[in-house]
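Report on the following structure.
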Amino acid sequence: MADELAGTVALVTGASSGIGEATALALSAHGATVAIAARRKDRLDALATTIRDGGGQTLVLEADITCQPEAERTVETTASELGRLDILVNNAGMMLLGPIENAPLHEWDQMVDINVRGLLYCAHAAVPHLLRAAEDGPRQVSDMVNVSSVAGRAPRRGSGVYNLTKHGVGAFSESLRQELTTRHVRISLVEPGAVATELVSHNRPEIQEQSRERFRNMERMQPTDIADAIRYIVTRPRHMAINEILIRPTEQEL
Ligand SMILES: NC(=O)c1ccc[n+]([C@@H]2O[C@H](COP(=O)([O-])OP(=O)(O)OC[C@H]3O[C@@H](n4cnc5c(N)ncnc54)[C@H](OP(=O)(O)O)[C@@H]3O)[C@@H](O)[C@H]2O)c1
């Protein structure tokens, strides 16, 4: 059904590329009005044009959500401009890999800032709106989908701080789920394996080469594969909640 999300408002962070962009398109195609947030406004404007050309409604929010006031403004502007917030997809993130020994500390800071702090700031601002949506919304249920990773389940050498941030997302999500689930706010965790996006491109050249080598003969997933899983999560009936989905490319062992 193309209008399962009619009347709802979704906010997708990290919507300027990859999984976030595909998720915004998928939720819009199913009838949600979608607020799209990230730092690269040109990319958000292009996505907004695509959404509007497809008959959807959207709101562009240029924001660096590692900055708490900007994260809060992103959530509050969505609710005030679009009237409500039914779905938050906490997707924005970075993966900067490499050994812990002699790692550039600014890379650790960047990952903690966006994968942990940015997600927490958005979650904190969104909870009151999600509670309200669960009470008086068209579906009587609301959703927060937190995008973790297979790295949030299985630590690997060379991935220590990314593992730390994504394990943290998993722990936070389960704690928040227990706090809110009886009030019909569903908290879901999505843990993708390798997806073909820009994620690796922010790494040092030698790390990018190692990643290319690791996945050279593997068919990676596409952003639309993960968007489809998120669409599935948020379109379940009120009485069921998908707590967690781990999704790997078929050929990915670890
Ligand atoms: N690709 C994979 O294999 C994979 C696997 C498992 C999990 N994941 C997770 O999936 C999520 C999306 O990643 P992706 O693969 O789609 O990579 P991507 O294409 O690089 O997307 C990352 C998004 O995060 C946004 N972002 C980064 N820093 C931000 C900030 N300070 N404020 C606001 N937005 C920010 C980026 O937008 P701007 O740069 O425009 O701000 C971009 O839209 C991440 O949480 C990642 O850890 C990805």
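Each ligand, and each atom within it, is numbered from 1 in the order the structure gives.
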*For L97, does its backbone N or O pair with a side-chain atom of N203 as donor and acceptor, under 3.5 Å?*
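Checked: pair present.
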_Using side-chain heavy atoms (C-beta onward) and a distance below 4.5 Å, is R40 in contact with S17?_
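A side-chain contact exists here, since the closest heavy-atom pair is under 4.5 Å.
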Write none if no such pair exists; otherwise list each N/O atom of ligand 1 with its protein N/O partner under 3.5 Å and the distance.
| residue | atom | partner | partner atom | Å |
| --- | --- | --- | --- | --- |
| ligand 1 | 1 (N) | V195 | O | 3.2 |
| ligand 1 | 1 (N) | T197 | OG1 | 3.1 |
| ligand 1 | 3 (O) | G193 | O | 3.4 |
| ligand 1 | 3 (O) | V195 | N | 2.8 |
| ligand 1 | 3 (O) | V195 | O | 3.4 |
| ligand 1 | 15 (O) | T197 | OG1 | 2.6 |
| ligand 1 | 16 (O) | I19 | N | 2.8 |
| ligand 1 | 17 (O) | T197 | OG1 | 3.4 |
| ligand 1 | 19 (O) | S17 | OG | 2.8 |
| ligand 1 | 21 (O) | S17 | OG | 3.4 |
| ligand 1 | 24 (O) | G93 | N | 3.4 |
| ligand 1 | 28 (N) | R39 | NH2 | 3.2 |
| ligand 1 | 31 (N) | D64 | OD1 | 2.8 |
| ligand 1 | 32 (N) | I65 | N | 3.1 |
| ligand 1 | 37 (O) | S16 | OG | 2.8 |
| ligand 1 | 39 (O) | R39 | NH2 | 3.0 |
| ligand 1 | 39 (O) | R40 | NE | 3.3 |
| ligand 1 | 40 (O) | S16 | OG | 2.8 |
| ligand 1 | 40 (O) | R39 | N | 3.4 |
| ligand 1 | 40 (O) | R40 | N | 2.9 |
| ligand 1 | 40 (O) | R40 | NE | 2.8 |
| ligand 1 | 41 (O) | R39 | N | 2.8 |
| ligand 1 | 41 (O) | R39 | NE | 2.7 |
| ligand 1 | 43 (O) | G14 | O | 3.0 |
| ligand 1 | 43 (O) | S16 | N | 3.4 |
| ligand 1 | 43 (O) | S16 | OG | 2.8 |
| ligand 1 | 45 (O) | N91 | O | 2.8 |
| ligand 1 | 45 (O) | K166 | NZ | 3.0 |
| ligand 1 | 47 (O) | Y162 | OH | 2.7 |
| ligand 1 | 47 (O) | K166 | NZ | 3.1 |

*asked:* Check this for me: does any side-chain nitrogen of one of K41 and D45 sit under 4.0 Å from a carboxylate oxygen of the other?
replied: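 Yes, this pair counts.
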_Can you list everything that forms a side chain to side chain contact (heavy atoms under 4.5 Å, CB included) with L199? Sequence neighbours excluded, please._
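With neighbours one apart ignored, the set is M95, Y162, T197.
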*So which of L131, D143, V141 actually passes side-chain contact (heavy atoms from CB on, under 4.5 Å) with H184?*
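Among L131, D143, V141, the one that satisfies the side-chain contact (heavy atoms from CB on, under 4.5 Å) with H184 is V141.
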*How far apart are the closest heavy atoms of R177 and N243, and which atoms are they?*
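For R177 versus N243, the nearest heavy atoms are CD-ND2, 3.5 Å.
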